[in-house]
Amino acid sequence: MNILFHNRKRVFLNSLSSFTILSLLLGAFVFFHGAHAASASTGTTRNITSAGTVSPQTGNFVPSGSSNVTQAEFPGQLDGANGPSAYNGTIVNRSNSNGTGNGVSVNSGPKAKSDPKFNTGFEGLNHYQQRYARGGNQFSLEPPDQGLCVGNGYVVEAVNDVFNVYSSSGQSLLPDNTATNIVAGFPRNVNHAVDLNSFFGYAPAINRTTGVRAQFVTDPSCLYDTATQRFFLIALTLETFPNGAFTHVNHLDVAVSQTSNPTGQWSIYRVDVTNDGTNTGGVNPGPYLGDYPHIGADANGFYVTTNAYPWCCNGFSGAQIYAFSKAQLAANAANVTLVHIDTSGMVNVPSDAGSTQPGFTVWPAQSPGTQFDTGNGGTEFFMSSNAADEATHPVAGFGGNHTSSQLIVWTLANTSSLNSASPSISLSNRVLGVNQYAIPPKQQQPGSGTPATMDTPQGYCINNTTTLLFNGSVGCWRLLFGVEPAHNEVISSPDSNDTRMQQVMYANGNLWGSLDTAINPDGGAQRAGIAWFIVNPNAGNIVKQGYLGAAGYDFTYPAIGVTPSGRGVMAFTATGDTLNPSAAYAPIDALVGVGSWNVVPGGRGAAADDGFTSYKAQVGNPPRTRWGDYGAAAVDGNSIWIASEYIAHACNYTTWGGLFFSGGSGDNLLGTCAGSPGGVGVRSALGNWSTRISKLTA
């Protein structure tokens, strides 16, 4: 099978007949460690022309069904790496890891300002909706990659590779497309969701009547800007040949709502990033992939950052920053000013490239309401980390020790000039000393490493050689494979993140950020945990920092939202020895830091992860069980909305097989757990991820 899911490290590209390697590399006293970079970067100015308008409605398609030319489930990309190696040392957390169950004890001290109250929550987009949007002309994708933005009474969510708009109570506000969303002869209810190829004006990801592939859209992010009352949605789009092979041309697609209503018209701007990166002494020449885009805004600018990887080889070619005039975007201007800055060589810390490092995952800050820094002609802040090989070994792409005690704070000054014909902005950075962080181990879920059971039906099916099928053949594996695989699949250990920076906020005069780290709760066994930081960016010092971890649990992919008064919530996925992948949160403020953690009401995992990236027969050995790449938090007044990946529904083997087992007719969608033909599914045959959206008042 041809296999695709979003990568962060290494990717194997599959033509129709062969695999071709593509190396991507897709408490204590704290002191001020460094200074501004030796020289600031001002970047180069471009003019971006509007690519037209779109609206969130499903584009043209031919319904998929029994006459399909292709049964391809994946669009041609396979993650072949096992992820970076976990840190082999000890990082002890003694303050936030003493509890059991869903809560942990914290040291006594000042009362936290942030005591968030849960208001409401609902299941957001899930794998069934993603796979069967646009008449089933979609692929199976992992991980979902969480985009979320909230404002003017709307909740907007985008993941790989589908989009929805909800009311604050969780009802979809997009037109009901069930009647026309025909898959295998039946209308399929995807809760009005629209595929991202439709949203951005492209043909279906795959035309199952002809087999022709269209653009591959990935890594969505979303922001509502209170100042302009506009929604911003971005994604990375990779151009393909009709057979699905990549042309190497890739661009950022920036969508801006034309009003404060995200169900209406949006303007589209496309920024070619194919040649944006640094050729490291001839070692890592272009073209480049503009991976992992993320967004922020200040009073004057809208900012997108990417990680540039050379298509040719191992190595890293620097984080890229794209600064737009926010006013021009909000006005849906025909031409928009853009300044591009390459961060390569800007961090005064040695690497295998010499005396400096490139920026890596330089995450731009978002601000609640209109709480922007107006000093220095307007200022936008960014944060990044440098434990990963991308920072320490950008030439070779490997060889680091995957740990660091440094945090980089970036300052982009004179952003008000973005509104002029000749912008004059200046980027600089400081290196701050912080508590040690390091690449975490994989997450554990109940049963990790033991044989797949009937409660992980995809894995159990791969192993099964005895079930009688609807067509008289024997062995469930025949429903998934043409050639018999090995029958040795086990319940997976989901992927943890590396140590790249996660969502950054600028609120109440401070920068707030977090990242994934190895941690040894109470000095015990190493688990995946979170390191968090509150920084005064103008003074260049750490206000507060710490870890969040718990014995027997793993916490991954944090995202922090903070109100203008400095009350915050940190969202993350929690898994554990006895906890299925769940949506969790903890309060955070600058007085006491992070408080006790809990699973959000309704967010407790109902089953183990059973996605296709968990199994050797699907993705190769060793498998790498992909999980969320990033979560999201959005601030709306004194409310903080959070979203994380979790497993919302249980489905046993018998229900998963349904009409494809003995006595059935094989005429319903395998693995949807929908019951009768045409019923609403809760998953697909190859994936069971969901997203959980929750509202808390801080």
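The chain is numbered in sequence order, starting from 1. Only heavy atoms go into these numbers, but all of them, side chains included; no hydrogens, no water, no symmetry mates.
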Quick check: closest heavy atoms across Val162 and Leu125, and the distance to 0.1 Å? O-CD1, 3.5 Å
I'd like to check Ile588 versus Ile560 (side-chain heavy atoms, cut-off strictly below 4.5 Å). Are they in contact? yes
Please determine whether a side-chain nitrogen of the Lys or Arg among Arg527 and Asp577 lies less than 4.0 Å from a carboxylate oxygen of the Asp or Glu. yes
Going through the checks in order, is the side-chain contact (heavy atoms from CB on, under 4.5 Å) test met by Glu123 and Ile693? CA-CA 6 Å; Glu123 182 183 1; Ile693 298 175; over 6 Å; no
Write down the atom of Thr456, the atom of Tyr615, and the distance for their closest heavy-atom approach. CB-OH, 4.0 Å
Is the backbone N or O of Thr613 less than 3.5 Å from a side-chain atom of Arg626, with the two atoms forming a donor-acceptor pair by type? no
Residues Leu480, Gln458; criterion side-chain contact (heavy atoms from CB on, under 4.5 Å); working and verdict: CA-CA 9 Å; Leu480 298 176; Gln458 180 185 188; 4.2 Å; yes
How many angstroms lie between atom CG of Asp610 and atom CG of Asn688, to the nearest 0.5 angstrom? 5.0 Å
Candidate pair Asn126 and Arg683, rule side-chain contact (heavy atoms from CB on, under 4.5 Å), full reasoning: CA-CA 7 Å; Asn126 63 33; Arg683 58 166 292 166; over 6 Å; no
Report yes or no: is the cationic atom of Arg500 (NZ for Lys, CZ for Arg) closer than 6.0 Å to the six-membered ring centre of Tyr292, at no more than 45° off its axis? yes
Any non-hydrogen side-chain atom of Thr306 less than 4.5 Å from a side-chain atom of Leu236? no
Over all heavy atoms of both residues, which pair between Tyr653 and Cys476 is shortest? Give the atoms and the distance, please. OH-CB, 3.0 Å
Write down the atom of Ile640, the atom of Val569, and the distance for their closest heavy-atom approach. CD1-N, 3.7 Å
Contacts of Val474 that satisfy side-chain contact (heavy atoms from CB on, under 4.5 Å) - sequence neighbours left out: Leu468
Identify the heavy atoms of Asn314 and Pro310 that sit nearest to each other, and give their distance. O-CG, 4.3 Å
For Thr575, does its backbone N or O pair with a side-chain atom of Asn580 as donor and acceptor, under 3.5 Å? no
Exam field: side chain Asn463 to backbone Asn488, donor-acceptor pair closer than 3.5 Å: yes
Non-hydrogen side-chain atoms of Thr691 and Glu157 separated by less than 4.5 Å: yes
Nearest heavy-atom approach of Ala634 to Leu148 is CB-O, 4.1 Å
With no hydrogens and no angle check, do the side chains of Gln502 and Ser514 hold a donor and an acceptor under 3.5 Å apart? no
Run the numbers on Glu645 and Ser690 for side chain to side chain donor-acceptor pair (under 3.5 Å), then give the verdict. CA-CA 6 Å; Glu645 183 180 354; Ser690 294; over 6 Å; no
Pairwise side-chain contact, Asn88 with Gln526, heavy-atom cut-off 4.5 Å (strictly under): no
Do Phe533 and Val434 have side chains that approach each other closer than 4.5 Å (heavy atoms only, starting at C-beta)? yes
With Ser684, which of Gln138, His127, Gln129 fulfils side-chain hydrogen bond (donor to acceptor under 3.5 Å, both in side chains)? His127
Separation between CD1 (Ile642) and CD (Gln146), nearest 0.5 Å, reads 10.5 Å
Go through the steps for Trp689 and Glu142 under the test side-chain contact (heavy atoms from CB on, under 4.5 Å), then give the verdict. CA-CA 8 Å; Trp689 58 257; Glu142 288 189 329; 3.9 Å; yes
Are the side chain of Ser385 and the backbone N or O of Ala387 linked by a donor-acceptor pair below 3.5 Å? no
Test your reading of the model: is there a side-chain donor-acceptor pair from Gln545 to the backbone of Ala531, 3.5 Å cut-off? no
For the aromatic rings, using the six-membered ring if either is Trp, is the centroid distance between Trp597 and Phe555 under 6.0 Å? yes
Any salt bridge linking Lys616 with Glu489? Criterion: basic side-chain nitrogen under 4.0 Å from a carboxylate oxygen. yes
Are the side chains of Leu469 and Ser662 in touch, meaning some heavy atoms are under 4.5 Å apart? no
Can any side-chain N or O of Ser448 pair as donor or acceptor with the backbone N or O of Ser492 at less than 3.5 Å? yes
Between the side chains of Asp145 and Thr218, is a donor N or O closer than 3.5 angstrom to an acceptor N or O? no
Which distance, rounded to the nearest 0.5 Å, do you find between the CZ of Phe660 and the CG of Leu670? 5.0 Å
Asn652 and Thr654: side chain donor to acceptor below 3.5 Å: no
Sub-3.5 Å donor-acceptor pair from the side chain of Asp352 to the main-chain atoms of Val395, do we have one? yes
To the nearest 0.5 Å, what is the distance between OG1 (Thr517) and CG (Leu548)? 11.5 Å
Geometric class of the Trp656/Phe661 ring pair [parallel <30°, tilted 30-60°, perpendicular >60°]: tilted
Sidechain-backbone polar pair: Asn471 side chain, Ser473 backbone, donor-acceptor under 3.5 Å: yes
Worked check of ring-ring contact (aromatic ring centres under 6.0 Å, His included) between Tyr630 and His294: CA-CA 10 Å; Tyr630 46 91; His294 287 288; 4.3 Å; yes
Any sub-3.5 Å donor-acceptor pair from Asn164's side-chain atoms to Gly124's backbone N or O? no
For the residue pair Trp477 and His487, categorise the inter-ring angle as parallel (less than 30°), tilted (30 to 60°) or perpendicular (more than 60°). tilted
If you measure from CG on Asp554 to CD on Gln445, what distance do you get to the nearest 0.5 Å? 10.0 Å
Within the 3.5 Å criterion, strictly below it, is a donor on Ser384 or Trp363 matched to an acceptor on the partner's side chain? no
Do Ser64 and Tyr132 get their side chains close enough for a donor-acceptor pair, meaning under 3.5 Å? no
Is there a side-chain contact between Leu659 and Phe470 in this structure, where contact means two heavy atoms from C-beta onward sitting under 4.5 Å apart? no
Taking the six-membered ring for Trp, are the ring centroids of Tyr557 and Phe572 within less than 6.0 Å of each other? no
Lys/Arg N to Asp/Glu carboxylate O, Arg131 vs Glu73, below 4.0 Å: yes
Return the NZ to OG distance between Lys442 and Ser496, rounded to the nearest 0.5 Å. 7.5 Å
Side chains of residues 396-404: which donor-acceptor pairs under 3.5 Å do they make with residues two or more places apart or in other chains?
unit_1 : atom_1 : unit_2 : atom_2 : d
Asn401 : OD1    : Thr403 : N      : 3.4
His402 : ND1    : Ser85  : O      : 3.4
His402 : NE2    : Asp389 : OD1    : 3.3
His402 : NE2    : Asp389 : OD2    : 3.1
Thr403 : OG1    : Gln436 : NE2    : 2.9
Thr403 : OG1    : Tyr437 : O      : 2.9
Ser404 : OG     : Asn386 : OD1    : 2.6
Ser404 : OG     : Gln406 : N      : 3.0

Please examine the side chains of Asn435 and Tyr547, heavy atoms only from C-beta on, and report whether any two atoms are closer than 4.5 Å. yes
Where do Trp627 and Thr556 land on the side chain to side chain donor-acceptor pair (under 3.5 Å) test, with the steps shown first? CA-CA 9 Å; Trp627 194 262; Thr556 56; 4.6 Å; no
